[in-house]
Amino acid sequence: MTDKKQFIATDPSDKIKFLAETQEEQKATLKITNQSEMKQAFKVKCTRNDLFRIKPSTGILDYNQTLTVILTYRYSFDCINLNTVFRGGQSKPPTEKQQFGVYHIPAPENCTCEGAWAEHCGPPQGEHKLKVVWNE
């Protein structure tokens with residue numbers, strides 16, 4: 001079995017941490033690095049757009065470029081009413097598993113991110129999955 005070459009690296013590489021016992025907006029950072037010799041278009045997606053915001057969620061990384069993406073957990077009363085467990089008056093984040101995915105494809109020279117994804121056929125060249133971990 002041959003390993004697929006990783007063109008994109010993420011830091012952290014496997015999980016994003018947020019505090020469970022808070023009723024405030026929280027931010028975490030995700031660094032994405034292009035380790036290839038060609039430009040890469042990327043997308044960052046999450047399992048729940050109503051809980052998380054991603055800035056920027058798409059872009060093009062130049063050769064050996066690193067970009068910092070801000071991941072924001074948005075505390076919401078609507079989400080709490082539907083998806084949390086209450087203990088001692090404190091709310092918990094959703095009990096279902098949450099994750100972020102980073103997807104990438106080669107980006108031709110002088111191409112926009114949207115153009116690269118529109119022209120691309122088939123699955124992404126690579127992807128990284130990062131679990132959301134709730135620290136107590």
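No continuous path of ILVMFWY side-chain contacts below 4.5 Å connects Ile60 to Leu67, so the two sit in separate hydrophobic clusters. Under the 4.5 Å side-chain contact rule for hydrophobic residues, Leu71 and Tyr103 do not share a cluster.
Contact of the Val69 side chain with the Thr29 side chain is not registered, since no non-hydrogen atoms from C-beta on lie closer than 4.5 Å. Residues Val44 and Ile32 are in side-chain contact: their nearest non-hydrogen atoms beyond the backbone lie under 4.5 Å apart. In this structure, the side chains of Asn34 and Asn64 stay at 4.5 Å or more apart for every pair of heavy atoms.
Under the 3.5 Å distance criterion, the side-chain polar atoms of Thr47 are matched with a main-chain donor or acceptor of Gln99.
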Quick one: side chains of residues 7-20, donor-acceptor pairs under 3.5 Å with protein atoms, not counting sequence neighbours, listed by atom name and distance.
from  : atom 1 : to    : atom 2 : distance (Å)
Thr10 : OG1    : Pro12 : O      : 3.0

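In this structure, the separation between CZ on Arg53 and SG on Cys46 is 8.0 Å, given to the nearest 0.5 Å. Here CD of Gln40 is found 11.0 Å from CG of Asp62. Values are rounded to the nearest 0.5 Å. For the atom pair Ile54 CD1 and Lys45 NZ, the distance stands at 9.5 Å (nearest 0.5 Å). Considering CH2 of Trp117 and NZ of Lys43, their distance stands at 5.5 Å, rounded to 0.5 Å. The NZ atom of Lys27 sits 11.0 Å away from the CZ atom of Arg74 when rounded to the nearest 0.5 Å.
Legend: salt bridge (charged side-chain N to carboxylate O under 4.0 Å, His left out) pairs involving residues 107-116, not counting sequence neighbours, sorted by first then second residue: Lys39-Glu109. Within the structure, every pair that satisfies the salt bridge (charged side-chain N to carboxylate O under 4.0 Å, His left out) test and touches residues 123-132, not counting sequence neighbours, is listed here: Glu127-Lys129.
Nearest heavy atoms, Cys111 versus Ala116: SG-N, 3.3 Å.
The aromatic rings of Phe52 and Tyr73 sit tilted, their planes meeting at an angle between 30° and 60°.
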Show your working on side chain to side chain contact (heavy atoms under 4.5 Å, CB included) between Leu61 and Phe42 and close with a plain yes or no.
CA-CA 8 Å; Leu61 289 171; Phe42 73 89; 4.0 Å; yes
